[in-house]
Amino acid sequence: GLWRIDCAPLATAAEVVRKLPFALDVSITGNSLHVITPPDVNEAAGFREPLSGANVSIQTIKPIPPSLEDVFVYLTEMMNREQTAAGKQA
């Protein structure tokens with residue numbers, strides 16, 4: 001699924017969310033985070049406690065449909081990871 005998290009400060013929030021085991025990908029989009037999770041993540045509660053514990057102010061956490069930008073960013077990052085992994089194996 002894809003989640004939008006409106007919060008501040010964004011850099012701290014991104015750092016916290018990237019460490020969550022169910023966060024597959026995290027990107028800063030405008031004034032919010034977009035987080036890709038497995039389809040079975042269906043509650044915002046998993047985000048709230050870690051973010052609040054890091055003194056991140058949360059306005060909203062909600063599931064959203066992916067935009068073309070989200071798909072582009074995700075695919076670009078996956079290609080970069082594959083190229084980096086291939087370079088390490090060579």
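Everything numeric in this text was worked out from a predicted model, so none of it was measured. Numbers for residues simply follow the sequence, beginning at 1.
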Quiz item: Is any side-chain heavy atom of P38 less than 4.5 Å from a side-chain heavy atom of L24?
Solution: yes

Practice problem: Could you tell me the separation between the CD atom of E77 and the CD atom of E82, rounded to the nearest 0.5 Å? | Solution: 12.5 Å

Quiz prompt | Spatial distance of atom OG1 (T12) from atom CD (E15) [nearest 0.5 Å] | solution = 6.5 Å

Quiz item: For atom CG of N31, is the number of surrounding heavy atoms from other residues, nucleotides or ligands below 6.0 Å larger than 12?
Solution: no

Quiz item: Given the rule that I, L, V, M, F, W and Y join up when any side-chain heavy atoms are under 4.5 Å apart, are I36 and L68 in one cluster?
Solution: no

Practice problem: In sequence, state the C-alpha distance, the side-chain angles, and the governing distance for H34 and I64, and then conclude on side-chain contact (heavy atoms from CB on, under 4.5 Å). | Solution: CA-CA 9 Å; H34 283 194; I64 59 170; 3.8 Å; yes

Quiz item: Using links of under 4.5 Å between side-chain heavy atoms of ILVMFWY residues, direct or through other members, which residues join I61 in one cluster?
Solution: W3, I5, L10, V16, V17, L20, F22, V26, I28, L33, V35, V41, F47, L51, V56, I58

Exercise. Applying side chain to side chain donor-acceptor pair (under 3.5 Å), run through S57 and Q59 and close with a yes or a no.
Key: CA-CA 7 Å; S57 172; Q59 287 77 48; 3.3 Å; yes

Exercise. Return the set of residues passing salt bridge (charged side-chain N to carboxylate O under 4.0 Å, His left out) with R4 (not counting sequence neighbours), or none when no residue passes.
Key: D6

Exercise. Answer yes or no: is there a donor N or O on one side and an acceptor on the other, between the side chain of S32 and the main chain of T29, under 3.5 Å?
Key: yes

